Amino acid sequence: MSGFSTEWLALREPVDHRSRDSALQERLRDVLSQRAGAGARPLRILDLGCGAGSNLRALAPVLPGEQHWTLVDYDPALLRASRQTIAGWASRVLEDGERLTIDKGGRRIVIDFLQRDLARDFEPLLASAPDLVTAAALFDLVSSQWIVQFCDRVQSVFYTVLTYNGAERWTPPHAADADVLRAFHAHQTTDKGFGVAAGPGATQLLRDRLAARGFTVELAPSPWILGPQDRPLMQALCTGSAGAVSETGMVPQAELSGWLETHRQATRCEIGHWDLLAVPSGMPVG
Ligand SMILES: C[S@@+](CC[C@H](N)C(=O)[O-])C[C@H]1O[C@@H](n2cnc3c(N)ncnc32)[C@H](O)[C@@H]1O
C-alpha cells in the first residue's frame, strides 16, 4: 500500500541504526529520565510511520525503564511485519489481542499497533499527550503545511531521525550526478500522500516552527556512510533513485542508464540526513 517494502526497510535498518547521532539519542534519554513523574508509570511513546518497527528496536533499549509504545502506520502489511519482527527480537512475548507485551534487555515494553492515515488523522494522536512523539525517515515525505499543523499541536518531547537532507555523494562520481540529484529532488517534492512533500527542507521548517513555539531544538547530522559491505543497499538505492528520476523525465534515458551502471558498482556513497530533538519549554533539557 505505502510503497515501502519490508525488504527495503530490512535492508536499511542496520545502516539506519548505526547512522543515528548517538549523542542526541543520549540527550533524549536524559531529558526523559528527568521528566516529572519519571519512574512512577511507563514512558508513553508514539511512533509515527513505524514501518516494520525499526525505530522501536533502535530506541527502546536506550530509553529509561518500562515503556508503552503506540506504533502507527497506514499500511496494514507493515503493521503486521512490525508485530512479527518485534516478537522475534524480544526475549519474551505475551500476546493479548492486538497488544504485545515484551521483555527486552531487562525492560518491560507494552506495544499497541494502530492503523491510521496520518495525512488526515494525526491530531487525536498528539492530543493524547504522550511523553515522546518520535518518527524515523518520515518527515521528508510530509508537506510543509502538515509540518506547520504538526508543530502547532505537538506538546510532547519530539525526536525524529534520519530525515533526508538532500546531500548525496557517490564514489566514483559520474558526470550526470548533479543532473540526477536535481531531478531526484524534484521527485522528492512531489505528493507522497500529504500534499507537495517538504523533502530536504523538512528539518529546517520543523526547527523554525518548533523554536518559534518555545521548544529547545537541537539538530545533529546522521548521514548514511556506505561502503563495500553495504553493496546490496547501495544497489537498491541507486536503482530506486533512477526509477524516481526516470519518472520526472528530466534526465535523458541514456544518461540515466550510464549513471545507474556506474553507481551499481560504487565503492562508497554518502547520503545526508538530520536527527532533531525538540523539548517543550519548561522541561529540563538534559
Ligand atoms: C521510509 S518509511 C520509514 C519506516 C520506519 N519508520 C523505519 O524507520 O524503518 C516511511 C513510513 O511511513 C509510512 N507512511 C507514509 N505515509 C503515511 C501516512 N499517510 N499515514 C501513515 N503512515 C504513513 C509508510 O507506510 C512507511 O512505513
Side-chain angles (χ1 to χ4, degrees), residues 1-21 24-25 28 45-62 69-86 88-89 111-126 132-147 149-150 158-166 184 187-200 202-203 206 222-224 230 233 236-237 240-241 243-244 271-276:
M1 174 181 182
S2 71
F4 293 96
S5 69
T6 48
E7 291 76 16
W8 166 249
L9 295 179
L11 203 52
R12 59 177 291 171
E13 179 163 338
V15 177
D16 277 345
H17 286 194
R18 75 174 190 236
S19 304
R20 292 162 167 250
D21 184 84
L24 200 64
Q25 201 161 260
L28 169 68
I45 301 152
L46 178 66
D47 183 16
L48 303 177
C50 65
S54 169
N55 196 22
L56 180 149
R57 285 186 288 280
L59 206 49
V62 177
W69 284 70
T70 303
L71 265 52
V72 184
D73 208 287
Y74 69 169
D75 185 333
L78 289 179
L79 284 169
R80 278 195 300 277
S82 66
R83 193 184 168 83
Q84 215 169 26
T85 48
I86 289 167
W89 171 79
I111 305 153
D112 291 319
F113 301 86
L114 214 54
Q115 189 188 356
R116 290 282 184 283
D117 181 354
L118 291 167
R120 287 184 277 155
D121 208 7
F122 74 96
E123 293 181 25
L125 298 170
L126 297 186
L132 171 66
V133 176
T134 183
L138 175 75
F139 272 81
D140 42 74
L141 302 177
V142 307
S143 65
S144 299
Q145 200 184 13
W146 195 89
I147 290 180
Q149 288 173 4
F150 173 85
F158 172 54
Y159 175 65
T160 187
V161 296
L162 298 155
T163 308
Y164 179 64
N165 77 4
F184 183 66
H187 189 275
Q188 269 270 308
T189 49
T190 56
D191 189 342
K192 306 285 193 295
F194 293 81
V196 174
T203 299
L206 282 169
S222 52
W224 279 356
D230 305 306
L233 180 60
L237 183 63
S241 297
I271 305 289
H273 300 109
W274 286 113
D275 291 356
L276 177 149

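Computed from a prediction, not measured in an experiment: that's the story for all the values here. Just so you know, ligand 1 is whichever comes first in the structure, and atom 1 is the first atom listed for that ligand.
For Arg116, the closest heavy-atom approach to ligand 1 falls below 4.0 Å. Under a 4.0 Å heavy-atom criterion, Gly193 is not in contact with ligand 1. Every heavy atom of Asn55 sits 4.0 Å or more from the atoms of ligand 1.
Looking at Arg12 and Ser54, their side chains never bring a donor and an acceptor atom within 3.5 Å of each other. Under the 3.5 Å distance criterion, with hydrogens and angles disregarded, a donor-acceptor pair is assigned to the side chains of Thr134 and Asn55.
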>> Working note: Trp224 + Asp16, criterion side-chain hydrogen bond (donor to acceptor under 3.5 Å, both in side chains); need CA distance, chi angles, decisive distance, verdict.
In response: CA-CA 7 Å; Trp224 279 356; Asp16 277 345; 2.8 Å; yes
>> Please evaluate residues His273 and Val161 with respect to the criterion side chain to side chain contact (heavy atoms under 4.5 Å, CB included), reporting the C-alpha separation (whole Å), side-chain torsions for both, the decisive distance (0.1 Å), and the verdict.
In response: CA-CA 8 Å; His273 300 109; Val161 296; over 6 Å; no
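In terms of heavy-atom proximity, Ala244 sits nearest to His187 at O-CD2, 3.3 Å. Contact record, Val72 with Leu118: CG1-CD2, 4.0 Å, taken as the closest heavy-atom pair. Smallest separation of non-hydrogen atoms from Leu11 and Pro14: O-CD, 3.7 Å.
Backbone and side-chain nitrogen or oxygen atoms of Ala52 are examined, and none is located within less than 3.5 angstrom of a nitrogen or oxygen of ligand 1. Considering backbone and side-chain N/O of Gly49, one or more are found under 3.5 Å from N/O of ligand 1. Annotation: Ser54 places no N or O atom under 3.5 Å from an N or O atom of ligand 1; distance criterion only. Annotation: Leu78 places no N or O atom under 3.5 Å from an N or O atom of ligand 1; distance criterion only. Checking only distances, Arg12 never comes within under 3.5 Å of ligand 1, N or O to N or O.
For ligand 1, the atoms lying closer than 4.0 Å to a non-hydrogen atom of Leu138 are 12 (O). Less than 4.0 angstrom separates some heavy atom of Ala119 from each of these atoms of ligand 1: 19 (N). Per-residue contacts place Cys50 under 4.0 angstrom from the following atoms of ligand 1 (heavy atoms of the residue considered): 5 (C), 6 (N).
Using cut-offs of 30° and 60° on the angle between ring planes, the pair Phe122 and Phe150 is tilted. Ring geometry, Trp146 versus Phe139: the interplanar angle falls from 30° to 60°, so the pair is classed tilted.
Counting heavy atoms under 4.0 Å from ligand 1, residue Leu48 does not touch it at all. Of all the heavy atoms of Leu9, the ones lying under 4.0 Å from any atom of ligand 1 belong exclusively to the side chain. The proximity of Tyr74 to ligand 1, defined as any non-hydrogen pair under 4.0 Å, involves the side chain as well as the backbone.
The heavy atom nearest to atom 19 (N) of ligand 1, out of those in Leu162, Asp117, Asp140, is found in Asp117.
When side chains are defined from C-beta on, Ile86 does not count as touching Trp69, because their heavy atoms never get closer than 4.5 Å.
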